[in-house]
Amino acid sequence: MSESKRQAALVTGASRGIGRAIAVALAGQGWAVAINYQSNAAAAGDTLAQVRAAGGTGAVIQADIAGAADRERLLRETLAHFGRLDLLVNNAGMAPRQRIDMLQMSEASYDEVMAVNLKGPFFLTQAAARIMIDLRAAGTIDTPMIVNIGSMSAYTSSTSRAEYCLSKAGMGMMTALYADRLAEYGINVYEVRPGIIDTDMTSAAKSRYDKRIAEGLAPIARWGQPEDVGRAVAAIAAGALPFSTGEVINVDGGIHLQRL
Ligand code: NAP
């Protein structure tokens, strides 16, 4: 496929875990993928190799999404590589450095987590949306989309990582706001809400989650894999939901169901 014909996606935090699986799933559909990472260049390079092996093409771009100048450069370099931006996937995120009871949580931890998980994605989306509006008006792209990777923590209280829960609850409203604002420009916005997924982020709590899953936490009694999330994003990106926007797709083995 010629480069200009390939649709181009920017996936933040694509060096590892869920972001990598999203990048590879998109590549399997022929996408060009801007693989963003913060500090792990080697892992980002591995993602690029997997993207190419899957049939896509890609470029690795370092940027801290918490920083305004980095966000601006990230978009500029994405456009320099691919000449278009059809899809933004706001995936990069962090857990608090320490799980601490919310009665002891520091303002520094609150600020850091909110900057990476909510403020950064909000302003990256604002800038990307402006670009998409212009590219669509120019006829360069047809059906731009934005996918936010939220979390079951948007509605599940974890009192030892309150800042994370707040950031993901905020992302739920961010999805609604951008879906509302961007519909008139033909830009649909979705949120994919993972449950418990086997990545570096959850590795510290592995034995605890093993136990909870064995005890029946989720109707589908297994760990989620990054590829489960990748598939959901790829289905959205393929245009499976053209008359839906602001929609939340739970990829959680059914954890969100209220059960008696
Ligand atoms: P992960 O394995 O810890 O990977 C995090 C990714 O985000 C890495 O690629 C990392 O880059 C990147 N990143 C972190 N901070 C960044 C920053 N400031 N700027 C740019 N990139 C940054 O995490 P994951 O489990 O795949 O999670 C991905 C997303 O899914 C997050 O938003 C997370 O909150 C959400 N989520 C995860 C789960 C789960 O169970 N794992 C459940 C629900 C939601 P480097 O490699 O350079 O560090």
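Order of appearance sets the numbers: ligands from 1, and atoms from 1 within every ligand.
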| task | Determine, using the 4.5 Å side-chain heavy-atom cutoff (strictly less than), whether Val89 and Val229 are members of one ILVMFWY cluster. | result | yes
| said: Just checking Gln98: does its CD atom have more than 12 heavy atoms from other residues, nucleotides or ligands closer to it than 6.0 angstrom? | reply: no
| request: Determine whether any heavy atom of Ser39 lies closer than 4.0 Å to an atom of ligand 1. | output: yes
| message | Tell me the nearest of Asn90, Ile18, Thr202 to atom 37 (C) of ligand 1, using heavy-atom distances. | response | Ile18
| message | Check whether Arg193 reaches the backbone of Val251 with its side chain - one donor and one acceptor, N or O, closer than 3.5 Å. | response | no
| How far is atom 44 (C) of ligand 1 from its nearest protein heavy atom, and which residue and atom name does that atom have? | Gly150 O, 3.1 Å
| said: If the threshold is 4.0 Å, N to carboxylate O, is there a salt bridge linking Arg161 and Asp101? | reply: no
| Looking only at atom types and distance, does a side-chain atom of Ser15 sit under 3.5 Å from a main-chain N or O of Tyr37, one as donor and one as acceptor? | no
| field | Location of contacts on Asp198 toward ligand 1, heavy atoms closer than 4.0 Å | value | neither
| note | Besides Ile213, the hydrophobic cluster formed by Ile, Leu, Val, Met, Phe, Trp and Tyr side chains linked at under 4.5 Å, directly or via other members, contains Met152, Tyr155, Ile196, Tyr209, Leu217, Trp223, Ile255
| With atoms numbered from 1 as shown, which atoms in ligand 1 lie under 4.0 angstrom from a non-hydrogen atom of Asp200? | 2 (O)
| field | Under 3.5 Å donor-acceptor, Tyr190 side chain and Leu241 backbone | value | yes
| request: Answer yes or no: does atom CZ of Arg73 have more than 12 heavy-atom neighbours from other residues, nucleotides or ligands under 6.0 Å? | output: yes
| query | Within a radius of less than 6.0 Å around CD of Glu107, do more than 12 heavy atoms belonging to other residues, nucleotides or ligands occur? | reply | no
| field | Any N or O of Gly13 closer than 3.5 Å to N or O of ligand 1 | value | yes
| message | Under a 3.5 Å cutoff, is there a donor and acceptor pairing between the side chains of Asn90 and Thr125? | response | yes
| field | ligand 1 atoms in contact with Thr199 (distance to a heavy atom under 4.0 Å) | value | 2 (O), 24 (P), 25 (O), 26 (O), 41 (N)
| said: Does only the side chain of Ala95 get under 4.0 Å from ligand 1, or the backbone, or both, or neither? Count heavy atoms. | reply: neither
| said: If we only consider heavy atoms of Gly224, is any one of them less than 4.0 Å away from an atom in ligand 1? | reply: no
| query | Salt bridge check: are Glu72 and Arg76 linked by an N-O gap of less than 4.0 Å? | reply | yes
| query | What are the atoms of ligand 1, with element, lying closer than 4.0 Å to any heavy atom of Ile149? | reply | 30 (O)
| task | For ligand 1, find out whether one of its N or O atoms is nearer than 3.5 Å to an N or O atom of Tyr37. | result | no
| query | Do other residues, nucleotides or ligands put more than 12 heavy atoms under 6.0 Å from the CZ atom of Phe122? | reply | yes
| request: Give yes or no for whether the N/O distance cutoff of 3.5 Å, strictly under, is met between Pro194 and ligand 1. | output: no
| field | Protein residue, atom and distance nearest to atom 19 (N) of ligand 1, heavy-atom basis | value | Ile65 N, 3.0 Å
| task | Run down the list Gly19, Ala43, Ala92, Gly93 and name the one with the heavy atom closest to atom 5 (C) of ligand 1. | result | Gly93
| query | In ligand 1, which numbered atoms sit nearer than 4.0 Å to a non-hydrogen atom of Val116? | reply | 15 (N), 18 (N)
| request: Give the atoms of ligand 1, by number and element, whose distance to some non-hydrogen atom of Ile196 is under 4.0 Å. | output: 40 (O)
| query | Which one of Met171, Lys168, Glu112, Arg16 has a non-hydrogen atom at the shortest distance from atom 1 (P) of ligand 1? | reply | Arg16
| query | Does Gly195 come within less than 4.0 angstrom of ligand 1, counting non-hydrogen atoms of the residue? | reply | yes
| said: Give me the residue, atom name and distance of the protein heavy atom closest to atom 15 (N) of ligand 1. | reply: Gln38 OE1, 3.5 Å
| Can you name the one residue among Asp200, Thr47, Thr199 that meets side-chain hydrogen bond (donor to acceptor under 3.5 Å, both in side chains) with Arg16? | Asp200
| query | With a cut-off of 4.0 Å, which atoms of ligand 1 are near a heavy atom of Asn36? | reply | 20 (C), 21 (N)
| query | Just by distance, do the side chain of Asn36 and the backbone of Ile61 share a donor-acceptor pair under 3.5 Å? | reply | yes
| Should Arg136 and Asp134 count as an ion pair when the cut-off is N to O under 4.0 Å? | no
| said: For atom 40 (O) of ligand 1, what's the nearest protein heavy-atom neighbour? Residue, atom name and distance, please. | reply: Ile197 N, 2.8 Å
| field | Nearest protein heavy atom with distance in Å, relative to atom 28 (C) of ligand 1 | value | Asn91 OD1, 3.3 Å
| field | Side-chain donor/acceptor of Asp70 to backbone N/O of Asp64, under 3.5 Å | value | yes
| query | Any donor and acceptor pair, going by atom type alone, linking the side chain of Gln225 with main-chain N or O of Asp198 inside 3.5 Å? | reply | no
| message | So for ligand 1, is Asp64 a polar contact partner (N or O within less than 3.5 Å, distance only)? | response | yes
| message | Suppose I only count heavy atoms of Asn40 and a 4.0 Å limit; which atoms of ligand 1 are within that range? | response | 45 (P), 46 (O), 47 (O)
| request: Nearest heavy atom to atom 9 (O) of ligand 1 wins, so pick from Ser15, Ala21, Ala63, Ala42. | output: Ser15
| Heavy atom under 4.0 Å from ligand 1: found in Met152's side chain, backbone, both, or neither? | neither
| Backbone or side chain, does any N or O of Gly17 fall under 3.5 Å from an N or O of ligand 1? | no
| query | Looking at ligand 1, does any of its N/O atoms fall within less than 3.5 Å of an N/O of Ser151? | reply | no
| Protein heavy-atom partner closest to atom 34 (O) of ligand 1 - residue, atom, separation in Å | Tyr164 OH, 2.6 Å
